[in-house]
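Beneath this line is the structure, given in structure tokens, with notes to follow.
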Amino acid sequence: MKDGTDFNLWSMKEVGAKVAHDVQDSWMINVGVGLPQVAVEPLTNRGVTLHSENGIVGLGPSPAPGLEDPEVIDAGKGFATIVAGGSFIDSATSFVLIRGGRLDLALMGAYEVSIAGDLANWRLSGKKIAGIGGAADLAHGARRVWIITSLFANDGASKLVAHCRHPLTASGVVKRVYTEYGIFEPSGDAFTVIELARGVIASDLIEVGVPLSKI
Amino acid sequence: MTYTEKGQIHCPTATEDVMSKTRIYATSTEALADINDGATIMCGGFGGAGYPHNLISGLADRKVKGLTVVANNAGHEALFAYGGVRKVVCSYPLGPTSKGFLEVLDRGEAELELEPQGTLVERIRTAGAGLGGFLTQVGLGTELVAGKPLIDLDGKQYAVCKPIMADFALIKAWKADQAGNLIYRHAARNFNSVMAMAAPIVIVEVSEIIDGYLDPDSIHTSGAFVDRLVEVGK
């Protein structure tokens, strides 16, 4: 964006609220470790069911201090709770739920998303060792994959790309990307703008390498 | 069987002469005595939840070498400390407890086989189920299916995943009864109940072994799968 332009990017808290706004109350959702967690608070008391792939259906908020239980953790291995009506399941069952199409939404972070909906979010190219965890299963199995991410990487490059340079987690799965600049959808030959933060101009983003479709 | 007034099934089994192959061991060391160099072991847990710490340290005390360890994570610090591991099969080898693994990996002393978590657990499950493997679309179009045969079936492409065979499964449960029936606690079930069905010898560290028998309707893993129990306390 050009310096001095009058624009007002969304905070990540606002991005989380945007995601929560677009979620239906009956959905079962897996919220990834890291940035996607901004959506958890606005999703609370909405009637959605949170799933944690280590075996919790009905993941609750973090426990109050002193009530931590090392045998109630989430997929990020942080202390967690389970809501009333929740259930503990084994890992095989948990991935039956994921691959079998019971998960309405996987909210994930990203290194890159391509115009074809390819997702790279597990290993940076050039990095020898990384963990895949449940990311590939979730990206493939969930009925929708939405991404919460900053639009630009630390080196200034757009995370929305024509082709991913980093190794893929899954190909052609991403339906929507929520960023501080706006909400975008991969459409095959570009990203379609769904909404932009106040003052953000699509042509300015195109100029700095974000592959948006020209309106 | 009779029903109690609370509606639970009450199963009055004789305390002597129980049909069970399960043996109770006094110590982890005794329960692990026949795990030898070069063995492949499955190890339950997701991070620290449901991880059989006592069994793993018992194995480390015996300095068993050349192990292949199948688990979700790579936090087997006690085994890496003396170079006991040749290969790790897991989905997530990072995090604060994986330092030991990353060091031996870096020195070329161990290798890593990385699998998506759902593929990993299903490879374990199919091993126990006596199947030759399964077909999945997870990882198609990515390096995550590198080395796997691809086949077309009914117009769809799949990767062929083979079962993961192991010699022993080392798992953690909450309660066990005299017949080896197991109940896991909370999110500590994870890989444990799957691995309990996936190896010819299943060794369980359990917080409490009760004197009698658990309610048959409450059992997570049937004693039919359990070979050895060690009570380790809370």
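So you know, we letter chains A, B, ... as the sequences are listed, proteins then strands, and number each from 1.
Sparse packing is recorded around CG of B:Asp154, with 12 or fewer heavy atoms of other residues, nucleotides or ligands lying under 6.0 Å away. The number of heavy-atom neighbours closer than 6.0 Å to CG of A:Asn45, taken from other residues, nucleotides and ligands shown, is 12 or below. Atom CD of A:Glu68 has more than 12 neighbouring heavy atoms from other residues, nucleotides or ligands inside a 6.0 Å radius.
Looking at B:Arg125, only its side chain comes within 4.5 Å of chain A, counting heavy atoms on both sides. Looking at B:Thr136, only its side chain comes within 4.5 Å of chain A, counting heavy atoms on both sides. Using a 4.5 Å cut-off between heavy atoms, B:Asn192 does not touch chain A at all. Only the backbone of A:Asp74 comes within less than 4.5 Å of a heavy atom of chain B; no side-chain atom from C-beta onward does. Looking at B:Gln137, the atoms closer than 4.5 Å to chain A (heavy atoms on both sides) sit in the backbone and in the side chain alike. For A:Thr169, the part sitting under 4.5 Å from any heavy atom of chain B is the backbone (N, CA, C, O) and nothing else. Contacts of B:Leu120 with chain A are absent, with no heavy-atom separation under 4.5 Å from either backbone or side chain. Heavy-atom distances place no part of B:Ile124 under 4.5 Å from chain A, backbone and side chain included.
The main-chain N or O of B:Val194 is never found under 3.5 Å from a side-chain atom of A:Asp90 such that the two would form a donor-acceptor pair.
Ranked by non-hydrogen atom pairs under 4.5 Å with chain B, the options A:Ser91, A:Gly131, A:Ala170 are led by A:Ser91. When each of B:Asn73, B:Asp106, B:Leu140 is scored by its heavy-atom pairs under 4.5 Å with chain A, the top score falls to B:Asn73. In terms of heavy-atom pairs under 4.5 angstrom with chain B, the leader among A:His140, A:Lys128, A:Arg123 is A:His140. Top candidate by heavy-atom pairs under 4.5 Å with chain B, chosen from A:Ser171, A:Ala130, A:Ser94, A:Ala135, is A:Ala130.
Side chains of B:Phe46 and A:Lys77 form a contact here, defined as non-hydrogen atoms less than 4.5 Å apart. For the pair B:Gln117 and A:Ile98, the minimum side-chain heavy-atom distance is 4.5 Å or more.
For the atom pair A:Ile73 CD1 and B:His186 NE2, the distance stands at 12.5 Å (nearest 0.5 Å). The CD atom of B:Glu115 sits 10.5 Å away from the CD1 atom of A:Ile132 when rounded to the nearest 0.5 Å. Rounding to the nearest 0.5 angstrom, the gap separating the CH2 atom in A:Trp122 from the OG atom in B:Ser91 is 11.0 Å. The distance from the CG atom of B:Asn72 to the CD atom of A:Glu53 is 9.0 Å, given to the nearest 0.5 Å. Residue B:Glu122 holds its CD atom at 11.0 Å from CZ of A:Phe95, rounded to the nearest 0.5 Å. Rounding to the nearest 0.5 Å gives a distance of 10.0 Å between CG of B:Asn190 and CD1 of A:Ile56.
Nearest approach of A:Ala136 to B:Leu144, heavy atoms of both residues: CB-CD1, 3.7 Å. Heavy atoms only, all atoms of each residue included: A:Ile129 and B:Leu112 are closest at CD1-CD2, 4.3 Å.
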| request: Determine, stepwise, if the pair A:Glu71 / B:Arg189 fulfils salt bridge (charged side-chain N to carboxylate O under 4.0 Å, His left out). | output: CA-CA 9 Å; A:Glu71 293 187 329; B:Arg189 196 179 320 177; over 6 Å; no

